Amino acid sequence: LFCALLQLGKGDYHAARKKVEHSLALHRKTHGSNTLYLACIHETFASIESKLGEYTRALPHYETALHMRQKGLPANH
């Protein structure tokens, strides 16, 4: 994910998207599908999609991240 953020900082959104896709697949394979770090990956992916003007692709990632954070954090957080 860090490499993707570096690419994002350089404005290379397509390279960042590929790195986030790889990070997402790897994290799901090794850590399951419901962690707060995975929510962070989805938020990063959504941000990249938004920068590329792909708003309909960004929205599901934002929704997934929100759902994961709601499940992963205590109710009083």
Side-chain angles (χ1 to χ4, degrees):
L1 184 60
F2 181 72
C3 292
L5 294 175
L6 287 175
Q7 294 296 324
L8 188 58
K10 294 178 185 176
D12 191 351
Y13 302 121
H14 295 286
R17 179 195 284 173
K18 287 184 185 220
K19 291 188 186 309
V20 172
E21 286 173 344
H22 176 73
S23 196
L24 186 60
L26 182 63
H27 189 80
R28 280 188 175 150
K29 184 178 178 182
T30 58
H31 297 290
S33 62
N34 192 19
T35 66
L36 292 177
Y37 183 72
L38 188 57
C40 180
I41 294 172
H42 276 283
E43 288 169 349
T44 304
F45 204 116
S47 176
I48 292 167
E49 294 295 352
S50 292
K51 299 276 187 192
L52 291 170
E54 298 284 346
Y55 304 112
T56 57
R57 289 182 62 169
L59 183 59
H61 289 287
Y62 281 126
E63 290 171 336
T64 299
L66 176 62
H67 180 71
M68 288 177 162
R69 289 198 184 277
Q70 287 173 331
K71 287 176 67 175
L73 295 174
N76 63 351
H77 184 22

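Only this structure's heavy atoms are used, side chains among them; waters, hydrogens and symmetry mates stay out. It should be emphasised that the depicted structure is a prediction, and the values quoted were computed from it without experimental measurement.
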Going through the checks in order, is the side chain to side chain contact (heavy atoms under 4.5 Å, CB included) test met by E49 and L59? CA-CA 9 Å; E49 294 295 352; L59 183 59; over 6 Å; no
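- Rounded to the nearest 0.5 angstrom, T44 OG1 and H61 NE2 are separated by 11.0 Å.
- Annotation: the span from M68 atom CE to Y37 atom OH amounts to 13.0 Å, rounded to 0.5 Å.
- Side chains of L52 and H14 form a contact here, defined as non-hydrogen atoms less than 4.5 Å apart.
- Side-chain atoms of S47 do not come within 3.5 Å of backbone N or O of E43 as any donor-acceptor pair.
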Test log, rule side chain to side chain contact (heavy atoms under 4.5 Å, CB included), inputs R17 and R57: CA-CA 12 Å; R17 179 195 284 173; R57 289 182 62 169; 3.9 Å; yes
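- When all heavy atoms of L36 and R69 are compared, the pair lying nearest together is CD2-CA, 3.9 Å.
- Scanning both residues, A58 and S50, for their nearest heavy atoms gives CB-OG, 3.5 Å.
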